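Have a look at the structure below, then the notes.
Order of appearance sets the numbers: ligands from 1, and atoms from 1 within every ligand. The model shown is predicted, which means the values in this text are computed figures rather than measured ones.
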Amino acid sequence: MRLLVTGGAGFIGSNFIHYVLKKYDDITLLNVDKLTYAANLASLADIQDDSRYTFIKLDITQTDDLRKLIDQYGITHIINFAAESHVDRSIEDASVFYHSNVQGVMSLLQILQKRPALRLLQVSTDEVYGDIPLAQCPVSESAPLAPSSPYAASKAAADLMVHAYCRTYDVNAVITDRQITMARIKTLKN
Ligand SMILES: NC(=O)c1ccc[n+]([C@@H]2O[C@H](COP(=O)([O-])OP(=O)(O)OC[C@H]3O[C@@H](n4cnc5c(N)ncnc54)[C@H](O)[C@@H]3O)[C@@H](O)[C@H]2O)c1
């Protein structure tokens with residue numbers, strides 16, 4: 001597997017990269033990240049000389065550059081962690097959330113549209129379901145989308161675009177959010 005991890009210099013992405021490189025010998029990994037304020041490349045310093053790992057600084061909305069990298073590295077799978085992720089910042093200025101979280105996913109989907117074998121895992125969030133009363137937990141993936149912040153709305157919009165591209169163009173993509181929801185419920189209960 002040749003894996004593209006987007007947003008791999010962020011909190012979850014960097015931990016995921018460490019996990020993958022430790023657990024699997026046969027995966028090569030390309031990390032593409034715009035390096036916003038949220039990125040921390042130092043957290044990946046210990047693997048920067050690993051021959052299976054490459055880092056490239058790029059905004060995922062730069063579709064042509066991203067497409068070239070995907071072809072150059074023979075990428076077979078993409079996991080999209082790249083996003084603006086802090087709710088409070090989205091309340092101050094939602095535009096950058098629209099840029100990275102919606103246009104960024106559009107960029108990936110446009111690339112997938114012409115590459116039927118390329119598979120995308122879009123990382124979503126439980127926040128697309130809005131405020132979930134504990135008594136109603138766990139919610140299923142078919143629960144109505146009810147985002148209550150610009151951040152959550154941008155992630156829900158991305159989910160809907162992934163759904164639409166799967167249905168309309170038969171792109172090879174899946175969305176994850178339920179497991180994160182379950183983890184959040186466990187945290188709430190403990
Ligand atoms: N942290 C959580 O509690 C949580 C919960 C549920 C879902 N998520 C989702 O998981 C994913 C990762 O979250 P995180 O907490 O690691 O976020 P983070 O903010 O720590 O990291 C995001 C990374 O994405 C990069 N990035 C942002 N815009 C980019 C762009 N246009 N092009 C390329 N790179 C870009 C940033 O530089 C950063 O390194 C996000 O999609 C988020 O919505 C996070």
Side-chain angles (χ1 to χ4, degrees), residues 4-20 29-45 47-48 53-70 75 78-111 120-132 137-139 141 143 145 147-162 173-188:
L4 168 62
V5 173
T6 63
F11 173 57
I12 300 178
S14 57
N15 281 288
F16 176 79
I17 288 171
H18 277 114
Y19 172 82
V20 168
L29 199 152
L30 173 63
N31 174 16
V32 166
D33 195 299
K34 180 183 174 183
L35 297 184
T36 68
Y37 76 93
N40 180 16
L41 264 188
S43 67
L44 296 163
I47 54 156
Q48 67 184 0
Y53 172 75
T54 307
F55 170 76
I56 290 177
K57 182 181 176 185
L58 185 74
D59 185 324
I60 60 165
T61 63
Q62 291 179 239
T63 313
D64 288 342
D65 292 338
L66 191 58
R67 186 184 287 114
K68 280 179 199 151
L69 282 177
I70 284 169
I75 297 298
I78 304 172
I79 302 189
N80 181 35
F81 292 105
E84 291 291 334
S85 68
H86 291 175
V87 174
D88 290 354
R89 292 174 67 94
S90 79
I91 293 165
E92 282 168 25
D93 177 13
S95 60
V96 68
F97 285 73
Y98 183 81
H99 173 87
S100 287
N101 301 4
V102 184
Q103 290 183 318
V105 170
M106 278 299 303
S107 174
L108 294 171
L109 290 171
Q110 284 166 347
I111 294 169
L120 167 69
L121 173 65
Q122 164 64 11
V123 177
S124 184
T125 171
D126 57 312
E127 298 210 25
V128 299
Y129 301 117
D131 303 326
I132 308 164
C137 291
V139 294
E141 286 173 334
L145 297 178
S148 49
S149 69
Y151 161 67
S154 69
K155 296 292 289 187
D159 287 4
L160 290 174
M161 288 309 296
V162 174
V174 288
I175 301 170
T176 177
D177 40 42
R178 183 155 172 225
Q179 287 184 348
I180 294 171
T181 308
M182 296 301 291
R184 181 166 170 249
I185 290 163
K186 273 189 196 158
T187 312
L188 283 171

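Put simply, part of A9 is less than 4.0 Å from ligand 1, judged by heavy atoms. The closest approach between any non-hydrogen atom of Y37 and ligand 1 is not below 4.0 Å. Look at D59 and you'll find a heavy atom under 4.0 Å from some atom of ligand 1. The shortest heavy-atom distance from S14 to ligand 1 is not under 4.0 Å. A heavy-atom separation below 4.0 Å is not found between V96 and ligand 1. In this structure, V123 is part of the shell of residues with a heavy atom less than 4.0 angstrom from ligand 1.
No side-chain heavy atom of I12 sits less than 4.5 Å from a side-chain heavy atom of V123. You'll find the side chain of L145 reaches within 4.5 Å of the side chain of L160, heavy atoms only. Counting heavy atoms from C-beta outward, Q62 and K68 have side chains that stay 4.5 Å or more apart. Looking at I70 and I78, their side chains come closer than 4.5 Å, going by heavy atoms from C-beta outward. A 4.5 Å side-chain heavy-atom check between D33 and L41 finds every atom pair outside the cut-off. Within the 4.5 Å cutoff, side-chain heavy atoms of P150 are placed close to those of I91.
Heavy-atom contacts of S85 reach the following atoms of ligand 1: 17 (O), 18 (P), 19 (O) (cutoff under 4.0 Å). Within ligand 1, the atoms closer than 4.0 Å to a non-hydrogen atom of A83 are 22 (C), 24 (O), 26 (N), 27 (C), 40 (C), 41 (O), numbered from 1 in the order shown. Near A38, meaning under 4.0 Å from one of its heavy atoms, ligand 1 places the atoms 19 (O). Distances below 4.0 Å separate heavy atoms of F81 from the following atoms of ligand 1: 11 (C), 12 (C), 40 (C), 41 (O). Less than 4.0 angstrom separates some heavy atom of K34 from each of these atoms of ligand 1: 29 (C), 30 (C), 31 (N), 32 (N), 33 (C), 34 (N), 35 (C). Below 4.0 Å from some heavy atom of G7 lie the following atoms of ligand 1, by number and element: 23 (C), 24 (O), 25 (C). Contact atoms of ligand 1 toward L58: 32 (N), 33 (C) (distance under 4.0 Å to a heavy atom of the residue). Close approach of ligand 1 to K155 is summarised as follows: ligand atoms under 4.0 Å from at least one heavy atom of the residue are 40 (C), 41 (O), 42 (C), 43 (O).
Taking any N or O of N80, backbone or side chain, none lies under 3.5 Å from an N or O belonging to ligand 1. Note: an N/O pair closer than 3.5 Å links I12 and ligand 1 by distance alone. By the 3.5 Å distance cut-off applied to N or O atoms, V32 is not counted among the residues near ligand 1. When only interatomic distances are considered, the shortest N/O to N/O separation between H99 and ligand 1 does not fall below 3.5 Å. At a 3.5 angstrom cut-off on N or O pairs, H86 does not count as close to ligand 1. At a 3.5 angstrom cut-off on N or O pairs, Y151 counts as close to ligand 1. An N or O contact shorter than 3.5 Å is missing between D126 and ligand 1 by distance. Checked against a 3.5 angstrom limit, the closest N/O atoms of S100 and ligand 1 fall inside it. Considering both main-chain and side-chain atoms, F11 comes within under 3.5 Å of ligand 1 through a nitrogen or oxygen pair.
In this structure, S107 contributes its side chain and I60 its backbone to a donor-acceptor pair below 3.5 Å. With hydrogens and angles disregarded, a donor-acceptor distance shorter than 3.5 Å links the side chain of S14 to the backbone of F11. Of the possible polar contacts, none joining the N101 side chain to the S154 backbone as a donor-acceptor pair under 3.5 Å is found.
Every residue meeting the ring-ring contact (aromatic ring centres under 6.0 Å, His included) condition with F16, not counting sequence neighbours, appears here in chain and number order: F81.
Contacts between T61 and ligand 1, counted as non-hydrogen atom pairs separated by less than 4.0 Å, are absent for every part of the residue. Heavy atoms of N40 found under 4.0 angstrom from ligand 1: none, in either backbone or side chain.
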Would you give me the side-chain donor-acceptor pairs under 3.5 Å for residues 82-89, sequence neighbours excluded?
unit_1	atom_1	unit_2	atom_2	d
H86	ND1	Y37	OH	3.1
R89	NE	Y37	OH	3.3

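Put simply, the residue from L44, I56, I47, T54 that forms a side chain to side chain contact (heavy atoms under 4.5 Å, CB included) with N31 is L44.
Nearest heavy atom pair, residue S43 against residue H18, reads O-CE1, 2.8 Å. Across every non-hydrogen atom of H99 and D59, the tightest pair is NE2-OD2, 2.9 Å.
For the atom pair CD1 of I175 and CE of M161, the computed distance is 11.0 Å after rounding to the nearest 0.5 Å.
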